[in-house]
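Below, each value reflects all heavy atoms present in this structure, side chains not excepted, and no hydrogens, waters or symmetry copies. Remember, it's a predicted structure, so these values are computed and weren't measured experimentally.
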Amino acid sequence: QVQLVESGGGLVQAGGSLRLSCAASGRTFSTYAMGWFRQAPGKEREFVAAITWSGVSTFYADSVKGRLTISRDNTKNTVYLQMNSLKPEATAVYYCAATAVIGNIYSLGGYAYWGQGIQVTVSS
C-alpha cells in the first residue's frame with residue numbers, strides 16, 4: 001500500500017509559479033512510477049506528467065510541455081511538479097498517483113494509488 005499526500009497548491013496570478021509536492025508513505029517508493037493529473041471544474045481528469053521510478057524518463061501532456069517539470073527525490077519519498085508561467089486554464093485540482101507496474105502512464109487506469117488532490121487556482 002502507498003499513501004500519497006499533495007501539498008503546495010494555492011492561489012497564484014497568471015504568469016506566476018507554484019511547486020506541488022507529493023509525499024508518499026512506504027519503503028518501496030523508489031520502485032514506483034509517479035504521475036500528476038488534474039481535473040478542472042466540469043471536466044474529466046486528465047494526464048499532466050509522469051516520471052519513471054529512477055527519474056531518468058519523464059512524460060508530459062502536450063499542453064504543458066515547456067512550462068511544467070516533474071521530478072522526484074527518492075531519498076525523501078517525494079515527487080514534485082514545478083509549474084511556471086501559469087495560465088488561468090491551469091486552474092484545477094491536481095492529483096498525484098503511483099503505480100508499481102508501468103503500463104499506460106497517460107491513463108487514469110494505469111495507476112493504483114491516488115492522493116486526495118490539491119487545489120490550484122490561477123487568477124487572470
Sorted by chain and residue number, the side-chain contact (heavy atoms from CB on, under 4.5 Å) partners of A40 (sequence neighbours excluded) come out as K43, A92
Residue pairs passing the disulfide (SG to SG under 2.5 Å) test with at least one member in residues 45-119, sequence neighbours excluded, are C22-C96
Using a 4.5 Å side-chain heavy-atom cut-off and chaining through intermediate ILVMFWY residues, the residues clustered with L11 come out as none
Can you hop from L86 to V48 via hydrophobic side chains spaced under 4.5 Å?
yes
Scanning both residues in full, the closest heavy-atom pair of V2 with A24 reads CG1-CB, 4.2 Å
**Q.** Side-chain donor/acceptor of S21 to backbone N/O of S7, under 3.5 Å
**A.** no
Q82 meets the side-chain hydrogen bond (donor to acceptor under 3.5 Å, both in side chains) criterion, sequence neighbours left out, with N84
CZ (R45) and CG (L108) are apart, to the nearest 0.5 Å, by 6.0 Å
For V56, the other hydrophobic cluster members (4.5 Å side-chain criterion, sorted by chain and number) are none
Check your understanding: Are Y80 and V64 connected, step by step, through hydrophobic side chains (Ile, Leu, Val, Met, Phe, Trp, Tyr) whose heavy atoms are closer than 4.5 Å?
Key -> no
Quick note, ring pair (Phe, Tyr, Trp, His ring centres under 6.0 Å) partners involving residues 35-57, not counting sequence neighbours, are F37-F47, F37-Y111, F37-W114, F47-Y106
Quick note, salt bridge (charged side-chain N to carboxylate O under 4.0 Å, His left out) partners involving residues 101-124, not counting sequence neighbours, are none
Under 4.5 Å between side-chain heavy atoms, hopping through other hydrophobics if needed: is there a path connecting I105 to I70?
-> no
**Request:** Could you tell me whether Q39 atom CD has more than 12 heavy atoms of other residues or ligands within 6.0 Å of it?
**Result:** yes
Applying side-chain contact (heavy atoms from CB on, under 4.5 Å) to I118 and not counting sequence neighbours gives E6, L20, Y94
Report task. Using the rule that two of Ile, Leu, Val, Met, Phe, Trp, Tyr join whenever any of their side-chain heavy atoms come within less than 4.5 Å, decide whether L81 and F59 are in one cluster. Result -> no
With sequence neighbours left out, the residues meeting side-chain contact (heavy atoms from CB on, under 4.5 Å) with T91 are Q119, T121, V122
_Is any side-chain heavy atom of L4 closer than 4.5 Å to one of Y95?_
no
Sequence neighbours excluded, the answer for side-chain contact (heavy atoms from CB on, under 4.5 Å) partners of S107 is N104
Scanning both residues in full, the closest heavy-atom pair of S85 with S17 reads N-OG, 4.3 Å
Correct closest heavy-atom pair for Y32 and A100 would be CD2-N, 3.4 Å
Side chain to side chain donor-acceptor pair (under 3.5 Å) pairs touching residues 64-78, sequence neighbours excluded, are D62-K65, R72-N74, D73-T75
Contacts of E46 meeting side-chain hydrogen bond (donor to acceptor under 3.5 Å, both in side chains) (sequence neighbours excluded), chain-then-number -> R38
If we only count heavy atoms from C-beta on, is the Y113 to T99 side-chain gap below 4.5 Å?
no
